[in-house]
Number of protein chains: 2
Amino acid sequence: MTRPPAQVTVLPPDDDVTDPLESFDLAGFLPYRLAAAAARISRAFAERYREEFGISIPEWRVLAHLHHAGPVSVRDIEARADMEKSKASRAASRLEQAGYITKAVNNTDRRLLQLELTPQGRALMRRILPVAMQFQAEMRERLGPAAEGLDAALDVLLKSPAPPPRGD
Amino acid sequence: MTRPPAQVTVLPPDDDVTDPLESFDLAGFLPYRLAAAAARISRAFAERYREEFGISIPEWRVLAHLHHAGPVSVRDIEARADMEKSKASRAASRLEQAGYITKAVNNTDRRLLQLELTPQGRALMRRILPVAMQFQAEMRERLGPAAEGLDAALDVLLKSPAPPPRGD
DNA sequence: TTGACAATGTTGCACCTGCAATGAATCTTT
DNA sequence: AAAGATTCATTGCAGGTGCAACATTGTCAA
């Protein structure tokens, strides 16, 4: 390695500077890491729910939103539970079939549906919610102090640019 | 409901204590928030890649891992790119069809495949990687100081309990 | 060597998903 | 009021996905 003449500005040698494009590693790529982490959590969550209650994540989201917000339309679920409307519609149909919710036409605007928990649906939620809270608690415990940082980051990512709430 | 006799310990009134189960809100539920945020990011990422390069996220992951690690087997991709093996296998087939990778049998162990980038595959990566880095940079910029917290949390979530690397 | 067992990659299958098209109801404009 | 535009929910369809079964190859103990 020859040295540049004295008057030329000395630059750091490139030899041991790895090209960030050449050395690109998926394992350090933020979008990948976020997707992989979410997939793991969702899978663990879905397994517990399927085994114990026989419901899927889309169904869980519909139930949870109904429990929180009372009678709502499919459109509400699309917006508030982050699901494409056909996904919400199908999840609602399965839940109706299972007897956990009812569908009724809204008499004020008959384009809208009124989805509502049945007594069985409410009973199911009383069993499910403690499990959900426990799951979340385990997750926070595992995260330790990093939980706050995660919350802050998710606030940012879920905030403004709300592209049409599509599916997963 | 009859009142207990007077000598029973008087408990604080429940009236203004909101039951955390009754008031449960999906919007504050960590697993949901993580899944929703990841879905948004992945969607934005997938859109850019599909429009600009015609590849999907599974295909991007295979390409990225090949670029980083050189010739690898499907099993390697399953482990290192967090994809169920049939997903990895199909993504690899599509990439082979498109001329971006080759499949060859490993002569040392003929159960294994050797997936390898073609010159076209390497050329594609040279175009894609700057876009990926830019996407990540925009994400970090948007996160601001929360980016560090997110990294720390993802470290935890992706660390130990590595359940069999399934799909998304 | 042989035979049982494990690892690797592919594929059939049933299911889920997103998108676009549809039908019904409502709103807006003229 | 009539016509066109808009909103809401459902559904047909094409494609992706996970899981289990399978064929092939390798490993290891007897």
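Being a predicted model, the structure only gives us computed values, none of them experimental.
Residue pairs meeting the side chain to side chain donor-acceptor pair (under 3.5 Å) criterion with at least one member in residues 95-104 of chain B, sequence neighbours excluded: B/Ser93-B/Lys103.
Of all nucleotides listed (D/dT10, C/dC19, C/dT10), C/dC19 comes nearest to the side chain of B/Arg43.
Nucleotides of DNA chain C nearest to B/Arg90 and B/Gln114 differ in position, and the one nearer the 5' end is that of B/Gln114.
One atom, CG of A/Asp82, and another, C1' of C/dT17, lie 14 Å apart when rounded to the nearest Å. In this structure, CD of A/Glu59 is placed 14 Å from C1' of C/dT17, rounded to the nearest angstrom. As rounded to whole Å, 18 Å separates atom P of D/dG15 from atom NZ of B/Lys87. Put simply, CD on A/Glu78 is 13 Å from C1' on D/dT10, counting in whole angstrom units. Atom CG in B/Leu115 sits roughly 12 Å away from atom C1' in C/dT8 (whole-Å rounding). With rounding to whole Å, B/Ile57 atom CD1 is found 16 Å from D/dG15 atom C1'.
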With the criterion being N/O to N/O and under 3.5 Å, what pairs connect the protein with nucleotides 20-23 of chain D, and how long is each?
none

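Residues A/Val72 and A/Leu113 form no side-chain contact, since every pair of their non-hydrogen atoms from C-beta on lies 4.5 Å or further apart. Side-chain contact between B/Phe53 and B/Leu124 is present, with at least one heavy-atom pair separated by less than 4.5 Å.
Taking CG from B/Leu154 and CG from A/Leu30, the interatomic distance works out to 6.5 Å, rounded to the nearest 0.5 Å.
Shown for residues 91-113 of chain A: residues whose heavy atoms fall under 4.0 angstrom of DNA chain C, namely A/Asp109, A/Arg110, A/Arg111.
Salt bridge present: B/Arg140 and B/Asp151 bring a charged side-chain N and a carboxylate O closer than 4.0 Å.
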